[in-house]
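Single-structure report; data block below.
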Amino acid sequence: MTPATRLGQNQYGKAETRVVRVTRDGTTHHVRDLNVSVALSGDMEAVHRSGDNAAVLTTDTTKNTVFALAREHGIASPEDFGLLLARHFVAGQPTIHRARIRIEEYAWERIPTPGEAAHSFVRAGGGTRTAQITFDGRRAEILSGLTGVTVLNTTDSEFHGYLKDRYTTLPETTDRVLATDVTAVWRHAHDGTGAAGAAPDWDAAHAAARAYLLDAFATTYSYSLQQTLFAMGSRVIEELPGVEEIRLSLPNKHHFLVDLEPFGLANEGPDGAVYFAADRPYGLIEATVLRDGAEQRVPVDLTAPWPGGPA
Ligand SMILES: O=c1[nH]c(=O)c2[nH]c(=O)[nH]c2[nH]1
């Protein structure tokens, strides 16, 4: 006898649609360059059980919709565009009950050029902006974030006083390099219903959060990366009243002093030092910082490939 089966969590949609929207303002052009992943769920029992596709809005259509809405409405910000798409899918089809839109944005900076034309850009470094918008027909959950923002302090970092057992060899230090690749995701109080007030200016809010994260990294005298993480997250919560929680994933990009004694050289002195930038393994420090009373809803595992990780 075939065992009875039950359909568990399921979602589908087109992943990683690369859409570039150029807006022309006379000879001054603007670019928004996104990677958009759509995941829909709803009345999908029949398609899984019998291949009855009647409830299925095709992944091909979801890809086309990304392009069409970018043309019709423009891309004001990843958050605005994600909300527009999510609402479109849920409002447009009775069989679609929930839409999750994940977006990466690649920033372009202007190349200053003589003369009138402003249509030349260079891909900006400094990481990738991320957003995830989930809409269930009533409320939206709006997450903003960034990934791949590499930062380094050459001093003001100590690490000592930790547990020691028979396998501990790490020397204590009162001065080390502290470096990490910041991945952060923060959740907004704004849920698209108006209950938490008007939507923020998403671009300005993102720039502010990024600046607070960097400033807290730079200005925290650190006794551990955990402490630095908490300071970074707290700064965003304290400064941005519209942010309920923030999760950070910080790989500790170890920089080890090189032993130069075999060459008769003393490493580390008032004039500096030479470090070996280790690639792996790396410590991985992760935590969520919450506003008092807020629920923890940002997914725990941010380092699952984004987009594409589990919901
Ligand atoms: O800031 C740090 N936190 C740790 O937990 C840790 N563990 C380690 O080996 N080095 C470090 N550094």
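First listed ligand is number 1; within each ligand, the first listed atom is number 1.
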Going by the atom numbers of ligand 1, which of them fall below 4.0 Å from some non-hydrogen atom of [X]?
| X | value |
| --- | --- |
| R176 | 1 (O), 2 (C), 11 (C), 12 (N) |
| Q226 | 1 (O), 2 (C), 3 (N), 4 (C), 5 (O) |
| S224 | 1 (O) |
| L225 | 1 (O), 2 (C) |

Inset, instruction - Please say whether the positively charged group of R235, taken as NZ for Lys or CZ for Arg, lies over the ring of Y212, i.e. under 6.0 angstrom from the six-membered ring centre and within 45 degrees of the axis. - result: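 Judged by the rule (NZ or CZ under 6.0 Å from the ring centre, within 45° of its axis), R235 is not positioned above Y212.
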Inset, instruction - Considering only non-hydrogen protein atoms, determine which one is nearest to atom 8 (C) of ligand 1 and report residue, atom name and distance to 0.1 Å. - result: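 Answer for atom 8 (C) of ligand 1: F159 CE2, 3.7 Å.
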Legend entry - ligand 1 versus L170: contacting region, heavy-atom distance under 4.0 Å: side chain
Inset, instruction - Would you check if E141 and R297 make a side-chain contact, meaning some heavy-atom pair closer than 4.5 Å? - result: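 Yes, close enough: below the 4.5 Å cut-off.
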Legend entry - Note, V122 side chain near W108 side chain (heavy atom, < 4.5 Å): no
Inset, instruction - Please find out if less than 6.0 Å separates the ring center of W186 from that of H206. - result: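 Yes, the ring of W186 comes within the 6.0 Å limit of the ring of H206, centre to centre.
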Legend entry - Test log, rule ring pair (Phe, Tyr, Trp, His ring centres under 6.0 Å), inputs H160 and Y162: CA-CA 6 Å; H160 46 80; Y162 40 80; 8.1 Å; no
